[in-house]
Amino acid sequence: MRRVDLRHLKSDFLSALGQQIKAGEPGEVIIFLFEIGDFSGVAKAVNLAYNLNCEVMNSLKFNQVDWVLTIKKGKI
């Protein structure tokens with residue numbers, strides 16, 4: 001399990017999220033923190049995770065501006 005903080009990227013976090021998922025091992029659990037302005041970034045992040053063969057284990061608002069997305073990378 002690892003934690004990846006993408007909050008410093010503001011709304012440009014999606015490409016980094018995809019790279020981190022691709023770099024992960026099959027079956028690995030990854031916890032992502034990212035900043036949200038509106039909720040469209042959350043939907044895009046969840047869709048990206050599904051498209052990269054991941055199970056979304058948890059998705060929740062962490063505080064007023066941050067979101068936590070927990071995924072499990074699918075086995076090939």
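Between Leu33 atom CG and Leu17 atom CG the span is 11.5 Å, to the nearest 0.5 Å. Once rounded to the nearest 0.5 Å, the distance linking CD of Gln20 with CD1 of Ile71 reads 10.0 Å. The distance from atom CG of Leu69 to atom CG of Leu48, rounded to the nearest 0.5 Å, is 9.5 Å. Of the inter-residue distances, the one linking Leu6 atom CG with Leu14 atom CG reads 9.5 Å to the nearest 0.5 angstrom.
Minimum interatomic distance between Gln64 and Lys61 (heavy atoms only, all atoms of both residues): O-CE, 3.6 Å. Closest approach of Gly41 and Phe13 over heavy atoms only: O-CZ, 3.6 Å. For the residue pair Lys72 and Gly27, the shortest heavy atom distance occurs at CE-O, 3.6 Å. When all heavy atoms are compared, the tightest approach of Val56 to Ala49 is CG2-CB, 4.2 Å.
At least one donor-acceptor pair under 3.5 Å links the side chain of Lys73 to the backbone N or O of Lys22.
Using a 4.5 Å cut-off between side-chain heavy atoms of Ile, Leu, Val, Met, Phe, Trp and Tyr, with links allowed through other members, Phe32 and Leu60 fall into different hydrophobic clusters. Hydrophobic cluster membership is shared by Phe39 and Tyr50, with clusters built from Ile, Leu, Val, Met, Phe, Trp and Tyr side chains linked at under 4.5 angstrom.
When side chains are defined from C-beta on, Val29 counts as touching Met57, because their heavy atoms get closer than 4.5 Å. With contacts defined as side-chain heavy-atom distances shorter than 4.5 Å, the pair Val4/Ile30 qualifies.
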Going through the checks in order, is the side-chain contact (heavy atoms from CB on, under 4.5 Å) test met by Phe34 and Leu9?
CA-CA 8 Å; Phe34 55 90; Leu9 299 174; over 6 Å; no
